[in-house]
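Structure, as structure tokens:
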Protein chains: 2
Amino acid sequence: MGRVKLQIKMIENTTNRQVTYSKRRNGLIKKAYELSVLCDVDVALIMFSPSERLSLFSGNKSIEEILARYVNLPGHERGGRFSSAFLLS
Amino acid sequence: MGRVKLQIKMIENTTNRQVTYSKRRNGLIKKAYELSVLCDVDVALIMFSPSERLSLFSGNKSIEEILARYVNLPGHERGGRFSSAFLLS
DNA sequence: TCGCCTATTTATAACGC
DNA sequence: TGCGTTATAAATAGGCG
């Protein structure tokens with residue numbers, strides 16, 4: 001969104017990259033919050049940026065609870081995995 | 001977004017809630033992906049829904065790597081924490 | 001360098017099949 | 001019951017002060 005269509009590639013300019021990070025991080029956290037409330041879902045979100053600090057989000061449960069639930073999943077029925085290979089449009 | 005302004009409260013109708021979950025989950029994963037690429041950030045996203053399966057997302061690094069990095073943070077400088085208390089608008 | 005503004009692009013709630 | 005479309009709400013890129 002914005003004045004111009006954005007290509008999904010690393011933003012070279014450091015200042016601009018940090019500005020964008022700050023804005024989109026807030027947006028992502030808001031979306032995660034909305035999803036957790038609207039759909040009664042436990043969401044855990046962890047972000048590490050090279051320059052900025054760690055950022056976390058979790059809904060009603062704590063990050064630790066959600067991570068524990070993930071780690072303790074039987075076998076590894078950790079289905080529904082996505083990575084960079086999961087490209088939308 | 002959508003035809004009508006949405007209140008952020010749990011969607012009572014089960015069918016509708018699952019439809020919304022499916023759509024917004026994809027949107028959230030896409031946003032997480034874009035953030036990780038644009039800003040060169042490691043992102044880990046874990047979602048548990050009551051009815052649907054676990055969903056994960058991580059960028060170039062694996063979920064396990066990112067979780068390990070989080071767990072191994074010295075002391076608990078786990079700053080920048082947000083939870084439901086972090087309400088936007 | 002920082003926060004606010006707004007033209008545009010996106011995401012998506014209801015619909016339509 | 002699902003999947004694609006459309007009207008509308010939201011997010012946000014680039015500007016401005």
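Labels below follow one simple rule: chain letters A, B, ... track the order of the sequence lines, proteins then strands, and each chain is numbered from 1.
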From CG of Leu35(B) across to P of dT10(C) the rounded distance in Å is 16 Å
Figure out the CD1/P separation between Ile11(B) and dA13(C), and round it to whole Å.
-> 7 Å
Who are the side-chain contact (heavy atoms from CB on, under 4.5 Å) partners of Leu6(B), not counting sequence neighbours?
-> Leu38(A), Arg24(B)
Indicate yes or no: at least one non-hydrogen side-chain atom of Tyr21(B) is less than 4.5 angstrom from one of Ile11(B).
-> no
So does Asp40(B) pair up with Arg17(A), basic N to acidic O under 4.0 Å?
-> no
Test side chain to side chain contact (heavy atoms under 4.5 Å, CB included) on Asn60(A) and Val37(A) and set out the steps.
-> CA-CA 9 Å; Asn60(A) 49 324; Val37(A) 172; over 6 Å; no
Sequence-distant partners of Ala32(A), side-chain contact (heavy atoms from CB on, under 4.5 Å), two or more places apart = Val43(A), Leu45(A), Phe57(A), Leu28(B)
What string of B, S and - do you get for nucleotides 9-17 of chain D, 5' to 3', if B is base contact, S is sugar-phosphate-only contact and - is no contact with any protein heavy atom under 4.0 Å?
-> BSBBBB---
